[in-house]
Structure formats: structure tokens, C-alpha cells
Amino acid sequence: MADGTGIIADADIEGLIACPECDALYRAADVAPGSRATCARCHSVLISPRRHAGMAIIALAMTAVVLVAGSLWFPFLRIEARGLWQEATLWEVATSFIGGPLLLVSLAVTAAIVVLPLARAMLILYTLVPIVFDRPPRPLAARAFRLAEEMRPWSMAEIFAIGCAVSLVKIADLAQVSLGPAFWMFAGLVVVTVAQDQIVCRWSVWHSISPN
Amino acid sequence: MALDQPELTHVTARDAGLVACRRCTRVWPMGTERCGRCGSRLVSRDPRSISRVWAWWAAGLMAYLPANLYPMLETRTLFTTQNSTIVGGALELLSHGSAGIALVILVASVGIPIAKFICIAFLAMSVRRGSRMSPELRMRLYEIVEYIGRWSMIDVFVVAILASLVQLNVVASIAPGPASLAFALSVIFTMLSAQAFDPRMIWDGIDAEARQRA
């Protein structure tokens, strides 16, 4: 097919894919649902379709929206010491640095635990809902999905859940601490995020946005 | 679906005169500027990629020093005010008997960042000078660095949680220290450094070597 120097005719390019990690060139094939095609050289997963994945991803994205939005208003930790008590909601955490040079940290924390997870879930819904229900993809679907992919490393809701657990122990000797409902929402979000990363086959999504 | 190629000398998109989209894996004729499917910018190999890696790497290292020297938390209890740095806070936890959490904090905010600096530097140097470490292993290393980098943010989140939660007037209150900003920046810069690295370069050298031998 390629002799190392040859240029491939335009018509042939359409079925080709290149491993994003090592640039090895392949001809995309039909992969049976449930199995996966990996790069023979660097073992990155290239194609891993699943049956009903679209519906599952939509359900998970909607769950994520509900969990993040809900966790904004419920307290996730409550402390008591000598008759005084205090509850923290996510909103207070996100804005805890406001009023000083540490405002930047506040913005970064808000983005990482609220804005980006929420935006990602909505972009995924925007991209996938029409496709899964057999409608033509939205005009901006490709841009939306690319944005969602670019946000992925910066969306840190699941790391925040671990942070809650660490804080819990850190102040255990300073005051009495108890977990609020939002903590469990975040714990749920961890599961949702991990499940979504396992199910999404990026090649299938791109292929369904535009087969060529 | 693999091409019939010996194990290491795969035909790459570049060999075939094509440029690959790293976002959606579609290939285009060499010279195409943007992916027609997803709109990502296309670069077959960016010669400046390594310089960008080093620039973010240096910025991350510079932010990491103050992150360890300045206090992360200022804890005020009835009679005392206490400033604790990252390591100081972990040692304090250790002395209170929570060795597990002290370990989590030490690993997440000292071990992982330092290991990341070393790994990224090693990967960037190995692209220029070659390495005896196999590309598979270096690839694995890169994947681990990319995956694990975000988890260093734990400490910043803990500071944010504590600062908003512990506001019990005179009994106890916690305020964030300047190190929280430095640490957050350090994590962000090293993540950008890892993202600037193009893993395809790990494999380019191998192809050239294998061809020379053949």
C-alpha cells in the first residue's frame, strides 16, 4: 500500500487512520462490538466499540450534570467544635480564596471541579444525543466534541472527592467532622467519570460525526 | 487490521506522505493545516515541541520551589497561629498517628511532582540523544506521567476545602497560604509540559535506527 515514499491517492486516504501516540498507519476495519483494535507497535487502543455505548454515555453525562449541579447547593462537610459549627458547600470551597492574590487559585479550583465537568458533560450531550437518536449530527458537533476532549485532563471532579477524604482526616483532631450529601454526590461522580472513560470509543464518535 | 510489517518498522503516516490528526486519528495529505473532520491543527512533527516541553518544565520547577518553602496553610487556634508547609503538614500528621494520610500527601505532593520532573526531562532528552530504554517502556512512562499529573491537585483542593470549612471564629480558623498558588501553578505547568511532548517522536528514532541496520 505504502512504499515509504509514495503518495496515496485522495480517495484512499479516507479509510486510513494513524495511531495518535506513535503515528503508525492503519486501514480502519470493522471491529466487533466488545472487542478492541490496538496499535501493534505501541498498544494504544484505537477502536473499541460497544453495543449501546451511545445510550450509556448519554445516561452517564446526564447523571454527571445532575450530580455536579446538585452538589453545588448541598454541604459536603460539616464540622463542630465547642458548640460552634460550620458547613461547607462546593460554592464556598470554590470561592474560598476570593479577596486576595489567591483569587487565581479560586478560579482554577472552580473551573476544575464545577465548570469543566459540567461543560464537558453538556458538550458530550450536544454531540451524541442527535447521533444516538438517528438524527443528523449538529452543525458544531465536531467542534463540541473536540472541545470536550481537550477539557478532559483539566476536569478534576474525581480528584476533588479524594481531597475531601484527605481533609476529613486532616481536621479530625481539630473538630468533629461529618460528611454531607454532596460528598456522596462527588463519590458518585468519580464512578460516573471512570465509567464514561471506559465506555467512550473516540473513533466511533468521530466516525459517526463524519464518516469520512 | 495491522499492516504486514516487522515489529518495529511500521509505516507511519509521515512515511506515507500523510499528516495524522492526533485528536481524531484521521489522516490528510502532508501540508494540510487543519483536520477537515475535527478542526484540530495538524503538525506532522513539530520541531519546537521539545522547546515547549522544556519551557513549561522550567516554569513548573520554578513554581515548585516556593510551593515547598512557603506555608500552604495558616492554622489559628485559640492561642496559637501555625504556618505549615507541605512537608511540615505531612510530618505533623505523622506525629499525630495518621501515617496513611501523611503518606498520601507526601506521595501526591512531593513524590509525584519530583518523579514527573525527572520523567519528563528523561523523555525529552531521550528523543534528542536516544536511549537504551525500549520505546515501549518509554511510551508506558509517558502514559503514566500524563495520567498521574492531575492527581497532584489533591493538595490544592484540600487547602480550599479546609479554608472554607474551618472558620470557627476564635476557636479555630484556617487560611490558605501563598504556597497554594505556587503549587497549583506548578501542577498546571507540568501538565502543559507533558501535553507539549509529542510521543510520536519516541518512535521516530527507532524507525530510523532499524532502517539503518536493515
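Here is how names work: the chains are called A, B, and so on, in the same order as the sequence lines, proteins then strands, and each is numbered from 1. These figures come from a predicted structure and were not determined experimentally.
A:Asp23 has its side chain within reach of B:Arg14: a pair of non-hydrogen atoms, C-beta onward, lies under 4.5 Å apart. For the pair A:His43 and B:Met139, the minimum side-chain heavy-atom distance is 4.5 Å or more. A:Phe145 has its side chain out of reach of B:Cys38: every pair of non-hydrogen atoms, C-beta onward, lies at least 4.5 Å apart. Counting heavy atoms from C-beta on, the side chains of A:Glu158 and B:Arg150 come closer than 4.5 Å. Between B:Phe157 and A:Ile113, some side-chain heavy-atom pair lies under the 4.5 Å cut-off. Within the 4.5 Å cutoff, the side chain of B:Glu146 has no heavy atoms near those of the A:Pro153 side chain. Contact annotation: the side chain of A:Cys164 approaches that of B:Ile161 to within less than 4.5 Å [non-hydrogen atoms, C-beta and beyond].
With a 4.5 angstrom heavy-atom cutoff, B:Ile202 does not touch chain A via any of its atoms. Only the side chain of B:Gln195 has a heavy atom closer than 4.5 Å to any heavy atom of chain A. For a residue to count as touching a neighbouring chain, one of its non-hydrogen atoms must lie under 4.5 Å from one of that chain's; by this rule A:Ala141 does not touch chain B. If you measure heavy-atom distances from A:Glu87 to chain B, the contacts under 4.5 Å come from the backbone alone. Proximity to chain B (any heavy atom under 4.5 Å) is restricted, for A:Ser155, to the backbone atoms N, CA, C and O. When heavy atoms are compared at a cutoff of 4.5 Å, B:Leu73 approaches chain A solely by way of its side chain, counted from C-beta outward. For A:Ile159, the parts lying under 4.5 angstrom from a heavy atom of chain B are both the backbone and the side chain. Interface residue B:Ile188: backbone and side-chain heavy atoms are both found under 4.5 Å from chain A. No part of B:Phe183 comes within reach of chain A, as not one of its non-hydrogen atoms sits under 4.5 angstrom from that chain.
Contact count against chain B (heavy-atom pairs under 4.5 Å) is highest for A:Val166 among A:Thr89, A:Leu168, A:Val166. Ranking B:Pro199, B:Ala160, B:Gly89, B:Pro176 against chain A, the residue ahead of the rest is B:Ala160, based on heavy-atom pairs under 4.5 Å. Among B:Ala175, B:Cys35, B:Ala184, B:Cys24, the residue with the largest count of heavy-atom pairs under 4.5 Å with chain A is B:Cys24. Top candidate by heavy-atom pairs under 4.5 Å with chain B, chosen from A:Arg143, A:Arg202, A:Met156, is A:Met156.
Note that the CZ atom of B:Arg37 and the CZ atom of A:Arg146 stand 13.0 Å from one another [nearest 0.5 Å]. Of the inter-residue distances, the one linking B:Ile154 atom CD1 with A:Ile162 atom CD1 reads 6.0 Å to the nearest 0.5 angstrom.
The number of heavy-atom neighbours closer than 6.0 Å to CH2 of A:Trp154, taken from other residues, nucleotides and ligands shown, is above 12. A 6.0 Å sphere centred on CD of A:Glu150 holds more than 12 heavy atoms belonging to other residues, nucleotides or ligands. The number of heavy atoms from other shown groups lying within 6.0 Å of CZ (A:Phe74) does not exceed 12. Other residues, nucleotides and ligands contribute only 12 or fewer heavy atoms inside 6.0 Å of the CH2 atom of A:Trp184. Heavy atoms of other residues, nucleotides or ligands lying less than 6.0 angstrom from OH of A:Tyr126 number more than 12. For CH2 of B:Trp56, the number of neighbouring non-hydrogen atoms (other residues, nucleotides, ligands) closer than 6.0 Å is 12 at most. No more than 12 heavy atoms of other residues, nucleotides or ligands shown are found within 6.0 angstrom of CZ on A:Arg36.
Smallest separation of non-hydrogen atoms from A:Ala18 and B:Val27: CB-CG1, 3.6 Å. Here the closest heavy-atom approach between residue B:Tyr142 and residue A:Glu21 is recorded as CE2-OE1, 4.1 Å. Contact detail for B:Leu162 and A:Ser167: the closest heavy-atom pair is CD2-CB, 3.8 Å. Here the closest heavy-atom approach between residue A:Gly163 and residue B:Val158 is recorded as O-CG2, 3.5 Å. Between B:Trp203 and A:Arg41, the shortest heavy-atom distance links the atoms CZ3-CG, 3.2 Å. Considering all non-hydrogen atoms of both residues, B:Thr25 and A:Pro20 come closest at CG2-CD, 3.8 Å.
With respect to B:Arg22 and A:Glu149, no salt bridge is recorded, no charged nitrogen being found less than 4.0 Å from a carboxylate O.
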